[in-house]
Amino acid sequence: MNFDVVNNTASYPKAHVGGKSLKWRHLLAAPERDYVFKPHERPMMPGSPASPDHPTLRRVAYFVIGVTVGITGGLGNALVSANTQNIQGSLGLYSNQIAWLPAAYIMTNVSMSLLLVKFRQQFGLVPFARIFLPAFVAITAAHLFIHTFATALVVRAMSGIAASALSTLALLYIMQSLPASWRLKGIVLGIGIPQLTTPLARMFSSDMLERGQWTILYVFELGLALVSLAMVFWLRLPPSERMKAFEKLDFVTFALYAPGVALLCAVLSQGRILWWTEVPWLGWALCASILLLSAAILVEYNRANPLLNVRWMASRDIVRFALVAISVRLLLSEQSYGAFGLLQTLGMNNDQLIPLSTIMLLATIAGIAASAITLNPLNLGRPVFWSVALIAAGSFMDADASNLTRPAQMYLSQAMIAFAAVYFMGPTLLIGMLRALSKGPNHLVSFSALFGITQSLGGLAGSALLGTFQIMREKFHSHAIVQSIVATDPQVATRLQQLGGAYGKVVSDPTLRSAQGAATLSQQVTREANVLAFNDIFMLVGFLAAFTLVWMGAKQVRMYITGFNPMAEPLAAMARMRAQ
């Protein structure tokens, strides 16, 4: 493939290239453009930055910027997800309406991964940063003045677009901070940093809400966005090579793919709230989503140079990769929906969850570090295997919850699951990325779309699946408990008298006191039924994780016996590409 090399010089001072000592400010940035990259420093593919040798101080600066940009990009959605009740009350929304906000973010975030890779390949990194970073700042600032539901939806959708670009910038900056031999570890770090935002949002958002309305959260996010903007414009990434990437049919595919994904997100986010069979538009939306996505696949299947290489995506190895990635993401909903859902049902809010969130943050950091340190390109399946094992163990540990369960009883289990959530992600990304790059740079667009679907839509589908299961099991347990409650039972009569007696000082009418006691007993029955339903969720996730573990273990044993390594061929192909 012939690339049109554009702007293959870097903003690095000539004195540094020659090895002369410079003051620290020159080691960070300089306006001169007089260094032509050596062959080993040129980018592996168009749209990616070059890989020159950086001095230590500049590497530190790249790392700090990468971490800041990564947290900035994921913090907005994490703040909304962690404070839905506060935002719902401020905007006066119903539960099904507030669910549209995170769904709108996922709709655009998943869709834009289809175009951003080609955007960088054709227009380069500088326009990429100059367009999306200021857009993110403007969108974040709009939160301060937008207080209606319709406009909030627009802002969240635009945030998903900007965050997709910021996550890419964070990954590229962190990779620049590491030497060439550690670039794969840089991918692991880059994909893991945005995962810190969820426990961070739960840790500090309560204190901020005490100082003002929910908009104060976006004041903080706006500050981070402005800091990220200043950092990226102060220390730019090395230039990249460009090529003509877009074709007219790409936009036809996107016009079919984006609304198809959006409708699927809408069904997954609203199905368990409105209930799947009660609202007709859910069925029509699902049918339209299937038709649109099928049409997009049909267009791509018959193209000579497809945006989505559906033949490659339908191959056995990629289907297996997608199934494992989706399965793990579904299992991780045990934490986001199961554990936090149980604690909120028991009356816990973000104030009481700060210690648990702190432990989860530390476990997430440990998971990122362990994944990077232990990374072995020849055995990328091992971290996924151990992650599933940790999820299974943590789920079974949570399955004996009661109405007396508090966050302290879940420290260990949730730390294990938080560790697993990031320990598997980097190696999983590398498995697919190496397979894609070994087939050619054009396959990276297909992989980006596939990875976005498995992670973002997988998480949404996990919450929908577990939420539906929890509602069904709550109705089952509630019915079973109510069947055993008979007013003529002396124990039940005594309990009703005790519950009604608690209102003796404020309700003098014995009939009203009895009715209030019955209402309180009904609330306790609902709470106990919900606790039992969440225990069923933990057991379900535990058994699914165990089943996945057995399947992966059998596959690992077979590869060990036969001596077959599925990553040997992609790594060899990558080495040949690098040598050319």
Side-chain angles (χ1 to χ4, degrees), residues 78 81-85 195-207 328 330-367 370 386-424 459 462-463 465-467 469-471 473-474 476-478 480-481 520 523-546 549:
S81 300
N83 297 280
T84 52
Q85 294 180 348
Q195 310 308 312
L196 299 173
T197 57
T198 299
L200 280 174
R202 294 187 180 277
M203 285 174 58
F204 68 77
S205 58
S206 295
D207 292 336
V328 178
L330 288 173
L331 296 175
L332 288 172
S333 297
E334 190 272 357
Q335 184 169 84
S336 59
Y337 180 84
F340 281 98
L342 170 65
L343 294 174
Q344 289 172 355
T345 299
L346 295 175
M348 305 290 107
N349 56 34
N350 286 341
D351 289 332
Q352 285 79 40
L353 298 177
I354 289 177
L356 177 60
S357 298
T358 303
I359 290 174
M360 288 171 54
L361 176 65
L362 296 176
T364 303
I365 294 173
W386 288 114
S387 296
V388 175
L390 289 173
I391 295 172
S395 298
F396 285 128
M397 289 171 63
D398 291 337
D400 62 346
S402 69
N403 59 20
L404 299 178
T405 297
R406 295 297 179 265
Q409 279 80 54
M410 307 184 84
Y411 285 169
L412 178 59
S413 61
Q414 294 308 304
M416 293 166 60
I417 295 176
F419 182 94
V422 290
Y423 190 58
F424 98 97
S463 296
L465 173 64
L466 296 187
F469 182 75
Q470 192 270 337
I471 292 172
R473 295 303 296 174
E474 187 274 331
F476 170 82
H477 289 298
S478 181
I481 294 174
T520 304
Q523 293 174 358
Q524 292 180 351
V525 167
T526 301
R527 182 193 62 191
E528 294 300 324
N530 274 294
V531 171
L532 292 174
F534 277 109
N535 283 341
D536 290 342
I537 283 180
F538 299 141
M539 290 296 293
L540 174 66
V541 172
F543 280 119
L544 290 176
L549 195 65

Would you check if Asp536 and Leu540 make a side-chain contact, meaning some heavy-atom pair closer than 4.5 Å? no
Is Leu343 close to Leu356 at the side-chain level, that is, under 4.5 Å between some pair of heavy atoms? yes
So, using side chain to side chain donor-acceptor pair (under 3.5 Å) as the criterion, who are the partners of Ser336 when residues are at least two apart? none
If I compare all heavy atoms of Ala546 with all of Ala392, which pair ends up nearest, and what's the gap? N-CB, 4.2 Å
For a 4.5 angstrom cut-off between non-hydrogen side-chain atoms, does Asp400 reach Asn535? no
Let me confirm one number: the CZ-OH distance from Phe534 to Tyr337, rounded to the nearest 0.5 Å. 5.0 Å
Spacing of CE belonging to Met203 relative to CG belonging to Leu361, to within rounding of 0.5 Å: 5.5 Å
Closest non-hydrogen atoms of Leu353 and Pro407, given as atom of the first, atom of the second and distance, are CD2-CG, 3.8 Å
For Gly459 and Ser333, work out which heavy atoms get closest and say how close. O-OG, 3.7 Å
Give me the one residue out of Thr526, Leu532, Thr345 that meets side chain to side chain contact (heavy atoms under 4.5 Å, CB included) with Glu474. Thr526
Ignoring hydrogens, what is the shortest heavy-atom contact between Pro199 and Thr364? Give both atom names and the distance. CG-OG1, 4.5 Å
Is any side-chain heavy atom of Ile537 closer than 4.5 Å to a side-chain heavy atom of Asp398? no
Using a 4.5 Å cut-off on heavy atoms from C-beta on, say whether the side chain of Asn530 contacts that of Gln470. yes
So do Val328 and Ile391 actually touch side chain to side chain, heavy atoms under 4.5 Å? yes
Keeping Gln409 on the side-chain end and Arg406 on the backbone end, is there a donor-acceptor pair under 3.5 Å? yes
Rounded at 0.5 Å granularity, tell me how far CG in Leu466 sits from CD in Glu334. 8.5 Å
Using the ring of each side chain (for Trp, its six-membered ring), is Phe396 parallel, tilted or perpendicular to Phe543, with breaks at 30° and 60°? perpendicular
Which residues pass the ring pair (Phe, Tyr, Trp, His ring centres under 6.0 Å) test with Tyr423, not counting sequence neighbours? Phe419
Val388 versus Ala545, closest heavy-atom pair with distance: CG1-O, 3.3 Å
Enter the distance from Met416:CE to Ile359:CD1 here, rounded to the nearest 0.5 Å. 13.5 Å
Side-chain (Gln335) to main-chain (Gln414) donor-acceptor, under 3.5 angstrom: yes
Calculate, to the nearest 0.5 Å, the distance between atoms CG and OG1 belonging to Leu200 and Thr358 respectively. 9.0 Å
4.5 Å side-chain heavy-atom contact, Met410 and Thr405: yes
Between Ala401 and Leu342, which heavy-atom pair has the shortest distance, and what is it? CB-CD2, 3.5 Å
Go through the structure and list residues passing ring pair (Phe, Tyr, Trp, His ring centres under 6.0 Å) with Phe538, not counting sequence neighbours. none
Could you give the distance from OG (Ser413) to CG (Leu390), rounded to the nearest 0.5 Å? 11.5 Å
